[in-house]
Structure formats: C-alpha cells, structure tokens
Trainee: 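Dropping a structure here in structure tokens format, bear with me for questions.
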Amino acid sequence: MDEYIDVATKEGLLTGKSELKSIIHKKGLYHHTSHVWFYTSKKEILLAQRSAQKVICPLLWDVSVAGHIDAGETPKEGAIREVKEEIGVAVSEEDLISIGIFECFQSYDNGITDNEFHNTFITELKVPVKELVPQEGEVEAFKLVSFDEFQHLIDTIGDNGNHFVASNKSYYVFVLQKIVETVN
C-alpha cells in the first residue's frame, strides 16, 4: 500500500510536508517509523518474520511490529495502528513505553534508500503467541526467544540465519538492555 508519510529533516524534525511512501524511498527522504518490541513475563522477546513479499529484507526475523507512521499520526498512534494491523492485538498509549528514537539510514540493491527514524516502544505481550494474527503480506510467522537467545543473536549478527540487520547491532543491544531493565 502506498500511503502518505510525513517528511522529516535529516535531524528528524517534521517539515510540514507529506509524500507517498514510494517517493520517500525512491528519493531517500527522511521519515519516521514506529517500532514495538513485545516481551513476556517469562523473559522472552517476540520476533516477527517479515513476509516473503516484502521488498526490503524478506523473510528476515526482526522487531515484533514495525511500520511507517502515516501522515498526521503521532508515533504512538502509528504504533497502536501497526500492532492491530500486523498482529491483531489492541494496545493503548499507556501500554507503550518509549525508549527512544533511533536513526536507521540504509540503501538497498533494489534502489530503495530508507532514511528512517525508529520511534521505539516496548510493551508486555499479554496474549499467547498462538492468538496473534499475522498480517498477510507483512508477517510470515512469530516466535519467542529468551533474553539469552536474543543476546546470542546479537553476538552472532550477520551470521545467524536471517535474524536482524547487521548494521543495527547497537540498536538491538539497547533494546535488549531496556527490556531487561523493565522486566527485572
């Protein structure tokens, strides 16, 4: 779907203009996304496998839920919408714990230049994984990994069977640290 997204400056400030997602990626315009990392009381983290239909990193295991923030939406509104769309779960603004905004500027062989600011949230997963509903075209599957397994995936980034984007290692380290602090 080619939705309208607010354009940002290279510092992440909104410009007051919006553009189609396809144009943003073609021109490499800066924009915001929402990332939601789910954890459980059993000290596990939910990973989602990107759909085989995705043009960027298909079948990669990564963040629980992620998506572009639509034009006019706040990061939390975008997060709430994406969680409902991608996994079929309702969360509220109060459920979302903001842990920061992270730069992720990458170019891909398919011509996409993705200059994103990840507005990142963590929250507890309060339903069984088997009740999650993967959005067709976005998510292939889900799995829970222990904190130790997550750390191992970070330690073996780039050589771990399609988990994580290797250039984002410091981001994953920070996410794990914030989740561990929250659960402990």
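Numbers for residues simply follow the sequence, beginning at 1. Since the structure is predicted, the reported quantities are computational estimates derived from the model, not experimental observations.
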Trainee: Within the structure provided, determine whether Glu138 and Glu85 are in side-chain contact (heavy-atom separation under 4.5 Å).
Mentor: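 Heavy-atom side-chain distance check fails, nothing below 4.5 Å.
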Trainee: Do you reckon Ile87 sits in the same ILVMFWY cluster as Leu96, going by side-chain contacts under 4.5 Å, direct or chained?
Mentor: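 Same cluster.
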Trainee: Can you tell me if Glu11 has over 12 outside heavy atoms packed within less than 6.0 Å of its CD?
Mentor: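 More than 12 within 6.0 Å, yes.
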Trainee: Decide yes or no for Leu125 and Val127: does some side-chain heavy atom of the first lie under 4.5 Å from some side-chain heavy atom of the second?
Mentor: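 In short, these two side chains touch, coming nearer than 4.5 Å.
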Trainee: For Trp61 and Lys143, work out which heavy atoms get closest and say how close.
Mentor: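 Scanning both residues completely, I find the closest heavy atoms to be CZ3-CG, 3.5 Å.
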Trainee: What is the distance from atom CD1 of Ile45 to atom CD of Gln151, rounded to the nearest 0.5 Å?
Mentor: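 Taking CD1 in Ile45 and CD in Gln151, the distance rounds to 9.5 Å.
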Trainee: Could you tell me which non-hydrogen atom of Val133 sits nearest to which non-hydrogen atom of Phe142, and how far apart they are?
Mentor: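 What the structure gives for the nearest pair is C-CE1, 4.3 Å.
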Trainee: Under a single-linkage definition using a 4.5 Å side-chain heavy-atom cutoff for Ile, Leu, Val, Met, Phe, Trp and Tyr, are Val183 and Leu144 assigned to the same hydrophobic cluster?
Mentor: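 As far as the 4.5 Å side-chain criterion goes, Leu144 and Val183 are not connected within one cluster.
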Trainee: Could you go step by step and tell me if Thr15 and Thr9 meet the side chain to side chain contact (heavy atoms under 4.5 Å, CB included) rule?
Mentor: CA-CA 6 Å; Thr15 65; Thr9 66; 3.9 Å; yes
Trainee: Are Phe147 and Val129 connected into the same hydrophobic cluster when the rule is that any two of I, L, V, M, F, W, Y join if their side-chain heavy atoms are below 4.5 Å apart?
Mentor: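 Each belongs to a different hydrophobic cluster.
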Trainee: I need the minimum non-hydrogen distance between Ile69 and Pro75, along with the two atoms involved.
Mentor: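 Residues Ile69 and Pro75, closest heavy atoms: CD1-CA, 3.6 Å.
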Trainee: Nearest heavy-atom pair of Val139 and Ser51: which atoms, and what distance?
Mentor: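 Heavy atoms of Val139 and Ser51 come nearest at N-CB, 3.9 Å.
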Trainee: With a 4.5 Å limit on heavy-atom distance, are the side chains of Val83 and Phe38 in contact?
Mentor: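 The answer is yes, as the side chains (C-beta and beyond) meet within the 4.5 Å cut-off.
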Trainee: Would you name the heavy atoms of Glu73 and Glu77 that are closest together and state the gap between them?
Mentor: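 Here Glu73 and Glu77 meet closest at CA-OE1, 3.4 Å.
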Trainee: Answer yes if the side chains of Asp95 and Thr123 hold a donor-acceptor pair under 3.5 Å, and no otherwise.
Mentor: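 The criterion, which ignores hydrogens and geometry beyond distance, is not satisfied for Thr123 and Asp95.
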Trainee: NE2/His31 to CG/Asp6 distance, rounded to the nearest 0.5 angstrom?
Mentor: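 It comes to 11.0 Å.
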Trainee: For the atom pair CD1 (Ile101) and NE2 (His32), what is the distance rounded to the nearest 0.5 Å?
Mentor: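 The distance works out to 6.0 Å.
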Trainee: Between Tyr171 and His35, which heavy-atom pair has the shortest distance, and what is it?
Mentor: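 What the structure gives for the nearest pair is OH-ND1, 2.8 Å.
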Trainee: So among Ile5, Ile112, Leu20, which one has a side-chain contact (heavy atoms from CB on, under 4.5 Å) with His25?
Mentor: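 One option only clears the test, and that one is Ile112.
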Trainee: How far does CD1 of Ile24 sit from OG of Ser18, to the nearest 0.5 angstrom?
Mentor: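 Separation between the atoms: 8.0 Å.
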Trainee: Can you get from Trp37 to Tyr39 by hopping between Ile, Leu, Val, Met, Phe, Trp and Tyr side chains that sit under 4.5 Å apart?
Mentor: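 Yes; Tyr39 is reachable from Trp37 via cluster members.
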Trainee: Side chains of Ser64 and Val36: closer than 4.5 Å at any heavy-atom pair?
Mentor: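 With C-beta onward as the side chain, the pair stays apart.
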Trainee: Do Glu140 and Pro134 make a side-chain contact, defined as non-hydrogen atoms from C-beta onward lying under 4.5 Å apart?
Mentor: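 A side-chain contact is absent here, since even the closest heavy-atom pair is not under 4.5 Å.
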Trainee: Say you draw a straight line from NZ of Lys21 to CG of Asp114; how long is it, rounded to the nearest 0.5 Å?
Mentor: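 Answer rounded to 0.5 Å: 9.0 Å.
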Trainee: So among Glu44, Lys42, Lys43, which one has a side chain to side chain donor-acceptor pair (under 3.5 Å) with Thr40?
Mentor: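 When Glu44, Lys42, Lys43 are each tested with Thr40, the side chain to side chain donor-acceptor pair (under 3.5 Å) holds only for Glu44.
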Trainee: Other residues, nucleotides and ligands only: do more than 12 of their heavy atoms fall within 6.0 Å of OH on Tyr4?
Mentor: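 No - once you tally the heavy atoms of other residues, nucleotides and ligands closer than 6.0 Å, there are 12 at most.
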Trainee: Can you tell me how far CG of Leu153 sits from OH of Tyr172, rounded to the nearest 0.5 angstrom?
Mentor: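 Answer rounded to 0.5 Å: 10.5 Å.
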Trainee: If Ile, Leu, Val, Met, Phe, Trp and Tyr residues are connected whenever their side-chain heavy atoms lie under 4.5 Å apart, and connections chain through other members, are Leu46 and Val145 in the same group?
Mentor: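 Hydrophobic grouping puts Leu46 apart from Val145.
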Trainee: Does a donor on one side chain and an acceptor on the other come within less than 3.5 Å for Lys76 and Asn119?
Mentor: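 Side-chain D/A pair, Lys76 to Asn119: absent.
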Trainee: For the aromatic rings, using the six-membered ring if either is Trp, is the centroid distance between Phe117 and Phe105 under 6.0 Å?
Mentor: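 Under 6.0 Å, so yes.
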Trainee: Any side-chain heavy-atom pair from Val91 and Phe121 closer than 4.5 angstrom?
Mentor: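 Answer no - side chains too far apart.
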Trainee: For residues Asn168 and Cys104, determine if any side-chain heavy atom of one lies less than 4.5 Å from a side-chain heavy atom of the other.
Mentor: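 Yes; the side chains approach each other to less than 4.5 Å.
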Trainee: Can you check whether Glu19 reaches Lys17 side chain to side chain, under 4.5 Å on heavy atoms?
Mentor: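 No - every pair of side-chain heavy atoms lies 4.5 Å or more apart.
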